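Quick note: numbers below take in every heavy atom, side chains included, and nothing from hydrogens, waters or symmetry partners. Small disclaimer: the values here were computed from a predicted structure and weren't measured.
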Amino acid sequence: MTDKENEKKIGQLLEAAKEAAEEREAERLAKSLGVQYVNLVRYAPQTQALQLISEEEARAALCAPFNIQQKQVFLACKNPALEATRNVIKSLKNQGYEVEIFVVSLKSLETLWRGYKFITGRKKEITGGLEIDTNRLAELSSEIKNIAILKEKINNFDSPYISQIFEIIIAGALTMDASDIHIEPEERGVRLRYRLDGVLQDVADLNEHYYRSILSRIKLLGGMKINIHTAPQDGRFTIKTKDVEIEVRVSIIPSAYGETVVMRLLDPRRIQLDLKDLGFREDDLTIIEEQIARPNGLILNTGPTGSGKTTTLYAFLRRIYQPGIKIITIEDPIEYHLEGITQTQVNPTRDYTFANGLRSILRQDPDVILVGEIRDNETAEIAMHASLTGHLVLSTLHTNDACGTVPRLLDMKVQPAILAPALNLAIAQRLVRKLCVHCREEVEATPEQADKIRKAIERMPQRVKKPQLGKRITFYKSKGCNLCNGTGYKGRVAIAELLVVDRDIQDLINRGDRMPTANEIKDLALKKGMTTMEDDAILKILDGVTSLSEAENVLGKFL
C-alpha cells in the first residue's frame, strides 16, 4: 500500500470514528431526555414532510420533519430543548399536527436538509431572492411610521414564524429609506441599527433567539456558509417588491459576542435623480451642463467615501445618454445597473483591474467612459490619454477639495503637459442632512456669524444668486419630531465646489519650475469666480436647507 493510499485509509477511519462518536452522543442525549433516537444518515427524506417548514427555519432550528402519517409528524432534532426547535414544534401543533420527537446527529440532519433541493413547485427560492408579499409590505409600511413604532413592533413580536420579524426589519428599512441595516451582538444583547441620511440610528434590541434565526436566514439568502462562525463572509441577495428589485450587499464578520452583520440596501430609485435634484445651484448646474456636453476631456469628482460621488456621476451619465453614443463603465463593484449603458466590474483574480480594463474598453470604441476610481499612475495616465483622444472620461479621486485634485495627480507622477489639457473640471462634494421642514426652528445669527456671512456673500461672484440680507440675519436649526424620527433632519443634499480648468489654470499647472500647491490653484480660481464648499453651505444655511451645526460637522468650523 502506498503512502497516499495509507493516508486516505487513515482519513476514512478517522471520519468513521467521528461519525460514530456523534451518533453515540445523540443516543445519550435522547436517553437523557426520554425521547427516541434514530440514525437517518442513509434515510431518503419524505418531501411531503419537508414542505411543512421552510429550509431556512429547519436549518436555523437544527431540525427537519422526515415523515408524515395523516396528522402525525416525525420530527428529527439535534436538541429538542433549543428555543428555536420548541417554536417549530409549537407551530406544527398550532396547525393541528401531533409531533413525535426524535434526536439525531448533525450528519443525519444534513442528509434530510439535502432533500429540500428535490422539492418542486415551491413559490420562493430560499437562496438569492426575498419576495415580500405586496399586500404585506404595504401593510407594514402603513404601520411603521417611525422608529418608535418599529421598536414597539419588534419588542412585541410573538410568532413562531421567524421569517416575519425579518420581513418587519426589511420593511422598516425600506419605509424609512435606510441605506444600511446593522445587526450587532453585544455583551448584553443584540443591537439593531439603521443608517438614515448617513447617520446610524438605534432601532431596537433583538432577542438572542431571533438574532440566531435571522443570521441563518441572511446567510442562506446571501449564499454564505451557515456553519461558518469564525471567518468573514460576503454575500448578495435581492429583495423583490411590486415596483422594484433592491440588491442587498451583505458583510458578516466575527466579533467578540457573535457575528456582526451589515446589509447595504442598493435601491435603484436612489439614482433616478436629475441633476437639479442633487442640490447643485443654478450657476453650478450651468457649468456642469457645459462640461458634460463637451465631446472629450476628463471630469473628476472628489471627496471621501460616502459623499455621493458615484450618484453624481451616474446622474451625469443619465443626462448624457442617448441611443447615438456608446457609454462603458468599469466599477468596483457595480452597485446600480443603468439601462442602455455597458457596465463592467474589476476582477483582480482575472487581471481585470482599472488600468487593464480601461485599455480593453478603449478597444470597444466608446464615446463616454466612467472609471470607478483613479487609484494609481497607470490608471490616471490611461484616463488622461483617453480624454485627449476624443473620449469624455468621468472618474473619482480622493482629495479634500477640488483644488487638491491637481497636486494629487501630479503626485501620482502624471506629466503636467498631459494633465493640463486633459482635465476639464474638478468637483468636490459632501453630503449634508436637510432640515425637516415640519419642525425646524428659526435662530438669529450672532454678531460674529453675521459679519462673516456678509463678507462671504460680498466676495461671491456675480453669477451666484445672492440672498438679500437685512440688519437681522436668521437661519434655522434642527428640533426633532415624529416625522423625522426625532433627528430634526430628513434627506440629504450635496454641497459642492467646482474648479473649471481654463487657460490660466492650465498655465499654472504647466509652468515647469515646480509643482503648484493647492493653495496657489485656489487663490487663482477664487479670483476667476470659483465658490467654495463653505460658500455653498452658507447659501444653503440661509435658504433653510440645512443647519449651521450640520454643515460644520461635515466641513469643520467656518462661521
Side-chain angles (χ1 to χ4, degrees), residues 15 18 21-22 25 54-64 77-79 81-85 87-88 105-107 109-110 113 126-130 154 157 162-163 165-170 172-173 178-196 198-239 246-266 305-306 332-333 335 346-349:
E15 184 65 26
K18 181 183 175 184
E22 286 182 3
E25 179 59 32
S54 67
E55 182 180 354
E56 66 266 32
E57 287 177 304
R59 288 181 178 270
L62 294 177
C63 69
C77 311
K78 182 74 168 63
N79 184 350
L82 293 174
E83 186 178 356
T85 309
N87 284 335
V88 169
S105 66
L106 187 59
K107 188 79 172 178
L109 282 176
E110 287 171 348
W113 291 336
I126 300 302
T127 302
L130 172 66
I154 291 173
F157 182 79
I162 305 301
S163 59
I165 194 170
F166 185 58
E167 285 184 355
I168 290 170
I169 292 170
I170 292 293
S179 60
D180 302 84
I181 300 172
H182 292 238
I183 301 174
E184 303 160 329
E186 298 177 339
E187 185 176 6
R188 297 183 180 179
V190 180
R191 182 158 62 155
L192 171 67
R193 298 198 285 175
Y194 290 165
R195 189 175 292 279
L196 302 172
V199 178
L200 282 171
Q201 302 284 335
D202 283 330
V203 174
D205 293 322
L206 295 175
N207 178 291
E208 177 75 17
H209 160 60
Y210 293 153
Y211 160 70
R212 296 293 173 194
S213 300
I214 290 167
L215 179 63
S216 297
R217 181 158 173 77
I218 291 169
K219 285 183 176 181
L220 285 165
L221 286 167
M224 293 171 277
K225 294 181 179 178
I226 197 168
N227 61 333
I228 299 296
H229 305 288
T230 57
Q233 295 193 75
D234 295 317
R236 292 179 82 102
F237 65 90
T238 305
I239 300 171
I246 297 168
E247 292 291 322
V248 182
R249 230 174 45 214
V250 185
S251 171
I252 298 178
I253 61 170
S255 59
Y257 300 101
E259 292 174 87
T260 296
V261 182
V262 176
M263 291 181 281
R264 168 67 55 88
L265 306 180
L266 302 172
T305 302
D332 182 24
E335 292 192 350
V346 299
N347 187 345
T349 59

Could you check whether any side-chain heavy atom of Val262 comes within less than 4.5 Å of a side-chain heavy atom of Arg195, counting everything from C-beta outward?
no
Heavy-atom closest pair, residues Met263 and Val248
CB-CG1, 3.8 Å
To the nearest 0.5 Å, atom CG of Leu206 lies from atom CD of Glu184 at 10.5 Å
Option among Leu215, Val203, Ile252, Ile218 that satisfies the side-chain contact (heavy atoms from CB on, under 4.5 Å) test with Ile183
Ile218
Listed by chain and number, what are the salt bridge (charged side-chain N to carboxylate O under 4.0 Å, His left out) partners of Glu25, not counting sequence neighbours?
Arg28
For Ala173, all residues meeting side-chain contact (heavy atoms from CB on, under 4.5 Å), sequence neighbours excluded
Ala178, Ile181, Tyr194, Leu265
Within this structure, what is the CZ-NE2 distance for the pair Arg264 and His182, rounded to the nearest 0.5 Å?
7.5 Å
Minimum heavy-atom distance between Phe237 and Val250, given as atom pair plus value
CE2-CG2, 3.6 Å
Pro254: side-chain contact (heavy atoms from CB on, under 4.5 Å) partners, not counting sequence neighbours:
Pro232
Ser105 OG to Lys78 NZ distance, which is reported to the nearest 0.5 Å
8.0 Å
Compare every heavy atom of Arg217 with every heavy atom of Phe166, then report the nearest pair and how far apart it is.
CD2-NE, 3.5 Å
Taking only residues two or more places apart in sequence, or in another chain, which ones meet Asp332 in a side-chain contact (heavy atoms from CB on, under 4.5 Å)?
Val346, Phe354, Arg375
Name all residues meeting the side chain to side chain donor-acceptor pair (under 3.5 Å) criterion together with Glu186; count only those two or more places apart in sequence or in a different chain, and write none if there are none.
Arg191
Using the test side-chain contact (heavy atoms from CB on, under 4.5 Å), find all partners of Thr85 that sit at least two apart in sequence or belong to another chain.
Ala61, Cys63, Cys77, Leu82, Ile89
Indicate the atoms forming the closest heavy-atom contact of Ala60 with Ser213, along with that distance.
CB-CA, 4.1 Å
Separation between CD1 of Ile253 and OG1 of Thr230, rounded to the nearest 0.5 Å:
13.0 Å
Candidate pair Tyr210 and Ile169, rule side chain to side chain contact (heavy atoms under 4.5 Å, CB included), full reasoning:
CA-CA 12 Å; Tyr210 293 153; Ile169 292 170; over 6 Å; no
Any idea which heavy atoms bring Tyr257 and Pro185 closest together, and the distance?
O-CB, 3.5 Å
Pairing residues for Asn79 by the side chain to side chain donor-acceptor pair (under 3.5 Å) criterion, not counting sequence neighbours:
none
All side chain to side chain donor-acceptor pair (under 3.5 Å) counterparts of Glu259, not counting sequence neighbours:
Lys219, His229
CG of Leu192 to CD1 of Ile165: how many Å apart, nearest 0.5 Å?
9.0 Å
Suppose we screen for side chain to side chain donor-acceptor pair (under 3.5 Å). Which residues come up paired with Gln201, at least two apart in sequence or across chains?
none
Assess whether side chain to side chain contact (heavy atoms under 4.5 Å, CB included) is satisfied between Arg212 and Val190, documenting all intermediate values.
CA-CA 10 Å; Arg212 296 293 173 194; Val190 180; over 6 Å; no
Test salt bridge (charged side-chain N to carboxylate O under 4.0 Å, His left out) applied to Lys225 - qualifying residues, sequence neighbours left out
none
